[in-house]
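Quick note on labels: first sequence line is chain A, next is B, and so on, each numbered from 1. What you see is a predicted model; the values in this text were computed from it and never measured.
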Amino acid sequence: MTSSYEIAFLELRRKIIEREFNRLNDMQLKAVLATEGPLLLLAGAGSGKTTVIINRIANLIIYGRACDSDEIPEQIKEDDVRFLESYLSDPSEKDAERAKALVSLYPVDPWRIIAITFTNKAAEEMRERLAAMLGDSASDIWASTFHSACVRILRRDITWLEGFGPGFTIYDTTDSLLLLKRIIKDMDLDEKSWPPRSVLTEISTAKDAQLDSQEYSELMSDSRDPRKKRIAEIYTEYAKRLRAANALDFDDIILHTVRLLKNVAEVREYWQRRFRYVLVDEFQDTNRLQYELVSLLSAGHRNICVVGDDDQSIYKFRGATIENILGFENDYPESRVIRLEQNYRSTGCILEAANAVICNNSSRKGKELWTKNTRGEKIDIYRATDETDEADYIAKAMLAGYRKGQKWRDFAVLYRMNAQSNRIEFALKRNGIPYRVIGGMKFFERAEIKDMLAYLCVINNTNDDLRLLRIVNTPPRGIGDKTLEQVRITAVEEESSVFEVMRTSSEREELRKAAPRLMRFVELTEHLAAVKHLRLDELYDVLLDKSGYMSMLNEKDTIENNTRRENILELKSNIISFLKENGDEAGLAQFLDEVALYTDIDQYDIDADSVVLMTIHSAKGLEFPTVFIAGAEEGIFPGIRSIGEREELEEERRLCYVALTRAKEKLIITSAKQRMLFGRTTNNQISRFASEIPENCVEEKDSALHLKPRISGGYVKGENVRRTWDFSDIADVGQITDTVHRYSKESVSQKSNSAVTDSNIKLNKGDRVEHNAFGSGMVISVTPTGGDALIEIAFDKVGTKKLMLKFAAQYMRKL
DNA sequence: CGCACCACAATTTTT
DNA sequence: TTGTGGTGCG
């Protein structure tokens, strides 16, 4: 029988802990305190789910399961209850420690918590916020991506898998494709009928179903589809070569971990005992394999918390399955479900639109966002005549906003396909609006970076045929294709590595001629491998020198070689910051791990003041005051492939939901009546998604509004400003309205006129210029184009840009 | 071996 | 329309 002071204790305990999290709303608090057992957290867009995850972890570490249990520590006496009572009514600094000690119940060691996300960026954000909240102890929490968590597990346990050692290398998608290409060629198959890309997808699907090459082959052996049989052969060879190179592709990282956990009791018990609490973010993006991993990791204590939003599942095409969310409650019948539906991000109008659109989907958990924010402005829907008009409208609207005090970084343009960005870029360029396109060439995809990393991989693991073949003749060492072909064939025949064949080339008749050159490369590699324990940046210097790569770049003084040199030095600064973070003794292998899994080094930099252009997919998780959704047309968004397919169409609609909910204050949806795409002109209807937005949320704009003569009036007239730009809920309202009011008609037209007339700068190839947005750079080409000129400038910081002289001139001066 | 030219295809993308 | 990748020539 529980005595009255015990009941009082439980109540006090809860109240004291709840007070710690008083900044959360009721649902958020509930989610933070529900620590035990499986928990499904359905967190709508902008509902503060990361905050919940962070606070939940903090609660675990500080108070353990105190709020989710009736257990009372034996040593609690009536005295203590009285103490807590007075502490609750009058908390004092000096009592805090004693109170904490009395209230907490089995606080969790940080290293017993694993929080898994999808992207490095999200993982990093989580680590930062945990560190800010918890200090040093936060560093022991495993806050990482699926892949890096698995790599950590595999580094310890992969030796249980035959053929693999802890020094394994990771193949990225390009590596995998290259390897498949070779295999397809070696099997005398035609690349056209066996596109490496789709073969890889097929293999990936097999791995998602946890089928290794043998199981897949068995399954396909009585398939009527001869194609599948052949793919099984390719898969088998692919797996064989990966194993020979001690390499894992991205899917293997997860698959092998799952297999170890399933098949090796020692491994399973170790990790299941270790992780008392498992949290998974973006659960709607997990595939079956990842779900299996998470289930296995959490099976020891069954404390699994998954956070996701079924309405934001947009990665079906890469294996994510919404069933994971929809089926969670079946797999964990004892699970609790908490919905976070209060949105802190967007205006009421935007949310109403988003809710209205998404409720046209049938397979969903059901959830409706609401907010205490003001209703805000209506959503502008603009129907352009063509894509140029659309792009102009966007640029003009940005200029109008900028003049009213918005920063460039407040704007984002979202579109369905990357191909749409060109026209918009062009319009922004013409109007001198600084912008960045997310999703272009990645730093680590540049040839010179891949080369340097390939060298490092080979130094690390000479069996890495793929990377070795990449750099064996870069810079040129007189080792031609036919020689390499011969070496490769020999290596495959002898089931040995390319390096091994090269090392013994002088004893081989068929390689006699090339042997001296091959041996020189072998010596280079061995020399480098011998010094691989140097501090990493020193090793890198030696590599640049001895490989001859630097001298190759120094031979010709071209812009291109210059950028390459800069990139190579940029990689060095990456190495140095890696050493800073992980200590000077951090090794090559560790660095390569990090690099292999960390692809977005040119990350999205929030500090730069420029407009951002990206696909809706890459906008997930981000937010902007003003969002443009371009190309809202049937055939584009929803895409032509999804029309008529119910499931596909629902995924597109979720994508639309994601796009809408990125906006905090203002949404502008544009479409074009006529659009040139892939060289064809099409006439597209306005997107059904736009029509699904309730009329009372919408203001339809027509082209007259943005035509030059009316632009100043249309956007800047006082009344219009106040009605369409309600910033009353925004923190720095003073600043914004201030600028808005000072803005006059004159300055608008003045500015737009000057763009045309003030282009009296004469630029020649080789001139150095200073641009307001891009910094300093050199003109590398000037192409006259009827009354204007297209200039190409290699900027020191931001790379090469093409600009129209007349429009760019006002933002630029000659040095 | 490097460069120039032509054919071809083209949602979305993280690790 | 644009970018890429493969082939063929100098």
With sequence neighbours excluded, residues passing side chain to side chain contact (heavy atoms under 4.5 Å, CB included) with [X]:
X	value
A:T169	A:Y171, A:A247, A:N460, A:N461, A:D464, A:R467
A:T50	A:I54, A:E125, A:R129
A:T117	A:A122, A:A123, A:M126, A:T145, A:D281

Could you say whether the aromatic ring of A:F317 and the base of B:dT12 stack, counting only centre distances under 5.5 Å and plane angles under 30°? yes
Tell me what [X] touches on the nucleic acid: a base, only sugar-phosphate, or nothing, going by heavy atoms under 4.0 Å.
X	value
A:F118	sugar-phosphate
A:K181	sugar-phosphate
A:T173	base
A:N473	sugar-phosphate
A:L248	nothing

May I ask you to check whether A:R318 and A:N287 show a side-chain donor-acceptor distance below 3.5 Å? no
Atom [atom1] of [X] and atom [atom2] of [N]: how far apart are they, to the nearest Å?
X	N	atom1	atom2	answer
A:L255	B:dT15	CG	P	20 Å
A:R680	B:dA9	CZ	C1'	13 Å
A:L200	B:dT15	CG	P	17 Å
A:Y315	B:dT15	OH	C1'	12 Å
A:Q284	B:dT14	CD	C1'	14 Å
A:K316	B:dT12	NZ	C1'	13 Å
A:D481	B:dG2	CG	P	10 Å
A:L177	C:dG5	CG	P	10 Å

Flag yes if more than 12 heavy atoms outside A:E485 fall under 6.0 Å of its CD atom; otherwise flag no. yes
Return yes when atom CG of A:D481 has more than 12 non-hydrogen atoms of other residues, nucleotides or ligands closer than 6.0 Å, and no otherwise.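 Counting other residues, nucleotides and ligands, CG of A:D481 stays at 12 neighbours or fewer.
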Among the nucleotides B:dT14, C:dG6, B:dG2, whichever has the atom closest to the side chain of A:R318 is B:dT14
Can a side chain N or O of [X] be found less than 4.0 Å away from OP1 or OP2 on [N]?
X	N	answer
A:N418	B:dT13	yes
A:T145	B:dT14	no
A:S618	B:dT12	no
A:N120	B:dT14	no

Pick the P atom in C:dT4 and in B:dT13, then give their distance to the nearest Å. 15 Å
Quote, to the nearest angstrom, the P distance that separates B:dT12 from C:dG5.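 Approximately 15 Å lies between the P atom of B:dT12 and that of C:dG5.
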On the six-membered ring of A:W194, is A:R227 placed so that its NZ or CZ lies under 6.0 angstrom from the centre and within 45° of the ring axis? yes
Interface with DNA chain B, restricted to residues 288-297 of chain A and to heavy atoms under 4.0 Å: none
Taking the six-membered ring for Trp, are A:F168 and A:H256 closer than 6.0 Å centroid to centroid?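 That pair fails the under 6.0 Å test.
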Any idea if B:dT12 is syn or anti, going by the 90°-from-0 cut?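 That one's anti.
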Partners of A:F118 by ring pair (Phe, Tyr, Trp, His ring centres under 6.0 Å), sequence neighbours excluded? A:F146
What pairs of nitrogen or oxygen atoms, one from the protein and one from nucleotides 4-8 of chain B, lie under 3.5 Å apart?
none

Mind listing the closest non-hydrogen atom pair of A:N120 and A:L597 along with its distance?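 Nearest pair, atom of A:N120 first, then A:L597: ND2-O, 2.5 Å.
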Measure across A:V413 and A:A630 and return the closest heavy-atom pair with its distance rounded to 0.1 Å. CG1-CB, 4.3 Å
Of A:H617 and A:G478, whose nearest nucleotide on DNA chain B comes first from the 5' end?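 Result of the comparison: A:G478.
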If you find the nucleotide of DNA chain B closest to A:D251 and the one closest to A:A419, which residue's nucleotide is nearer the 5' end? A:A419
